[in-house]
A.B. asks: 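Input: one structure, supplied below.
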Amino acid sequence: MSKNEIVVKSGPLKGEIHIPGDKSISHRALLLSALADGPVEINGFLKGADPLETMACLRALGVKIDALSGDKLIVHGISGKFTKPKKPLYVGNSGTTIRILSGILAAQDFECEIAGDASINQRPMKRIVEPLSQMGAQLSGKVEKGQVFPPLKIKGAKLKGIKYKLPIASAQVKSSILLAGLFANGVTEVVEPDQSRDHTERMLKHFGVKIEQTERQIKLAGGQKLKGKTDILVPGDISSAAYLIAAAILVPGSALILRNVGLNPTRIGILEVLRRMGGGVEVLDEELLSEEPRGTLKVTNRKLKGIEIQGSLIPRLIDEIPVIAVLATQAQGDTVIKDARELRVKESDRIATVSGELKKMGVNITPTEDGMIITGGTKLKGTKVKSHGDHRLAMSLSIAGLIAEGKTEIEDTACVETSFPGFFKVLNSVKS
Ligand code: S3P
């Protein structure tokens with residue numbers, strides 16, 4: 001289903017927006033609730049395409065889920081004792097679903113297949129195949145050039161705990177191993193090169209699981225129960241808020257209030273970057289609910305300067321790099337992004353697609369092996385650009401369109417449903 005969207009130059013953006021549920025946390029809320037020993041009520045769930053794929057997979061595995069009105073769900077937890085699905089599980093475009101769910105499937109007493117769309121079939125899975133195989137499961141996929149791609153066949157087994165050093169900082173891989181570890185004999189320990197988002201660890205604690213944790217090291221003992229009769233309140237997604245933050249910073253005269261923004265320290269790299277670029281965002285209030293911090297942000301139009309973004313900051317803003325690239329086009333001086341090779345294996349090769357599409361709008365941007373260099377102070381020109389089926393690219397290009405001369409036509413924008421259903425409606429509601 002391909003749909004085009006036209007964005008024209010905007011006057012000041014004004015108003016208040018309630019940010020919809022966090023995608024990463026919505027996936028985990030479903031998956032961990034299915035592992036709980038009773039019903040769990042989830043509020044603030046993101047009804048985006050990706051979490052809905054997780055929901056469909058869990059239903060196919062015998063988990064009863066009541067989708068109530070609005071963003072409320074009841075998941076009837078069955079302590080992770082799934083039934084063999086009648087046909088291959090389908091995850092659509094969702095890397096989080098395939099990687100994390102595989103950790104649970106690795107411990108089931110049946111064999112099943114898990115598949116996705118054309119983009120998923122190009123995403124590397126060796127990163128989960130290796131550790132889950134070491135734990136005792138049998139996983140196989142399409143092997144090409146030393147990598148493993150979906151569809152995956154997973155034959156569950158009695159697992160044993162391992163100590164695993166992740167070669168890359170990845171919350172999906174970390175979560176896959178930790179959830180497999182819950183079913184394993186003995187202790188499972190994961191060590192990361194840099195800290196990735198820690199939503200799984202926080203939610204496990206919320207369900208009463210004991211974990212030992214330092215910043216880059218997580219340990220848990222197998223056989224622990226997740227307490228049902230728990231409530232989860234999902235905060236809004238800072239990755240979705242990022243587009244509105246960027247819009248308000250870039251469009252002269254703007255002032256937006258963003259409510260319900262998740263402010264988990266492992267996710268707020270973009271706020272740190274904006275502070276360093278001179279475009280600081282005000283945090284008006286903050287509270288901790290269901291182990292996750294959330295708050296209200298006030299964002300106004302600011303002048304930016306180019307900076308270097310690299311190292312341990314990268315996992316804390318990995319999904320925001322496309323929109324950071326758009327912000328950088330308006331900064332004074334160059335912005336250099338390094339250590340972000342992971343961008344090459346996201347929903348699209350974001351180093352290639354972000355550079356290629358922003359170039360069409362007149363930006364001087366150089367893709368590098370592990371990042372990009374963006375020249376600031378560019379007058380953007382509206383033209384026809386492509387999303388490459390990547391939700392984050394579609395939304396980033398729309399923000400560029402707000403400050404471009406003429407009209408920007410973004411091809412294939414249905415993908416925004418992945419993480420931010422109704423994105424264009426929300427944007428139009430604050431535009432003038
Ligand atoms: C996610 C982790 C990140 C992120 C993705 C969601 C998650 O991926 O880019 O959008 O929910 O765990 P990696 O684990 O591959 O770094």
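One is the number of the first residue; the rest follow in order along the sequence. Counting starts at 1 for both ligands and their atoms, following the listed order. Values below: every heavy atom of this structure, side chains too, minus hydrogens, waters and symmetry copies.
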A.B. asks: Can you confirm whether the side chains of Q195 and S312 place a donor and an acceptor under 3.5 Å from each other?
C.D. replies: no
A.B. asks: Checking H206 against E292: is there a side-chain donor and acceptor pair closer than 3.5 Å?
C.D. replies: no
A.B. asks: Classify the side-chain pair D285/T296 by whether it contains a donor and acceptor separated by less than 3.5 Å.
C.D. replies: yes
A.B. asks: Nearest protein heavy atom to atom 11 (O) of ligand 1, by residue and atom, and its distance?
C.D. replies: S24 OG, 2.7 Å
A.B. asks: Does any N or O in the side chain of R259 come within less than 3.5 Å of the main-chain N or O of G295, such that one atom is a donor and the other an acceptor?
C.D. replies: no
A.B. asks: Is it the side chain (CB and beyond), the backbone, both or neither of K174 that lies under 4.0 Å from ligand 1, heavy atoms counted?
C.D. replies: neither
A.B. asks: To the nearest 0.5 Å, what is the distance between CG (N428) and CD (E5)?
C.D. replies: 7.5 Å
A.B. asks: Counting non-hydrogen protein atoms only, what is the nearest one to atom 14 (O) of ligand 1? Give residue, atom name and distance.
C.D. replies: S170 OG, 2.7 Å
A.B. asks: If only atom types and distance count, is the side chain of T413 paired as donor or acceptor with the main-chain N or O of K3 below 3.5 Å?
C.D. replies: yes
A.B. asks: Less than 3.5 Å between some nitrogen or oxygen of A171 and one of ligand 1, yes or no?
C.D. replies: yes
A.B. asks: Test your reading of the structure: does E347 have an N or O sitting under 3.5 Å from an N or O of ligand 1?
C.D. replies: no
A.B. asks: So does P235 get a backbone contact from the side chain of N260, meaning a donor-acceptor N/O pair under 3.5 Å?
C.D. replies: no
A.B. asks: For the side chain of R276 and the backbone of E308, is there at least one donor-acceptor N/O pair under 3.5 Å apart?
C.D. replies: yes
A.B. asks: Could you tell me the residue and atom name of the protein heavy atom closest to atom 1 (C) of ligand 1, and the distance to it rounded to 0.1 Å?
C.D. replies: Q172 NE2, 3.5 Å
A.B. asks: Could you list which atoms of ligand 1 come closer than 4.0 Å to a heavy atom of I318?
C.D. replies: 9 (O)
A.B. asks: Give the residue, atom name and distance (to 0.1 Å) of the protein heavy atom nearest atom 3 (C) of ligand 1.
C.D. replies: K346 NZ, 3.8 Å
A.B. asks: Under 4.0 Å, heavy atoms only, figure out whether ligand 1 is touched by the backbone of R28, its side chain, both or neither.
C.D. replies: side chain
A.B. asks: Going by the order shown, which atoms of ligand 1 are within less than 4.0 Å of some heavy atom of R197?
C.D. replies: 1 (C), 2 (C), 4 (C), 6 (C), 7 (C), 12 (O)
A.B. asks: If the cut-off is 4.0 Å to any non-hydrogen atom of D319, which atoms of ligand 1 fall inside it?
C.D. replies: 4 (C), 5 (C), 9 (O), 10 (O)
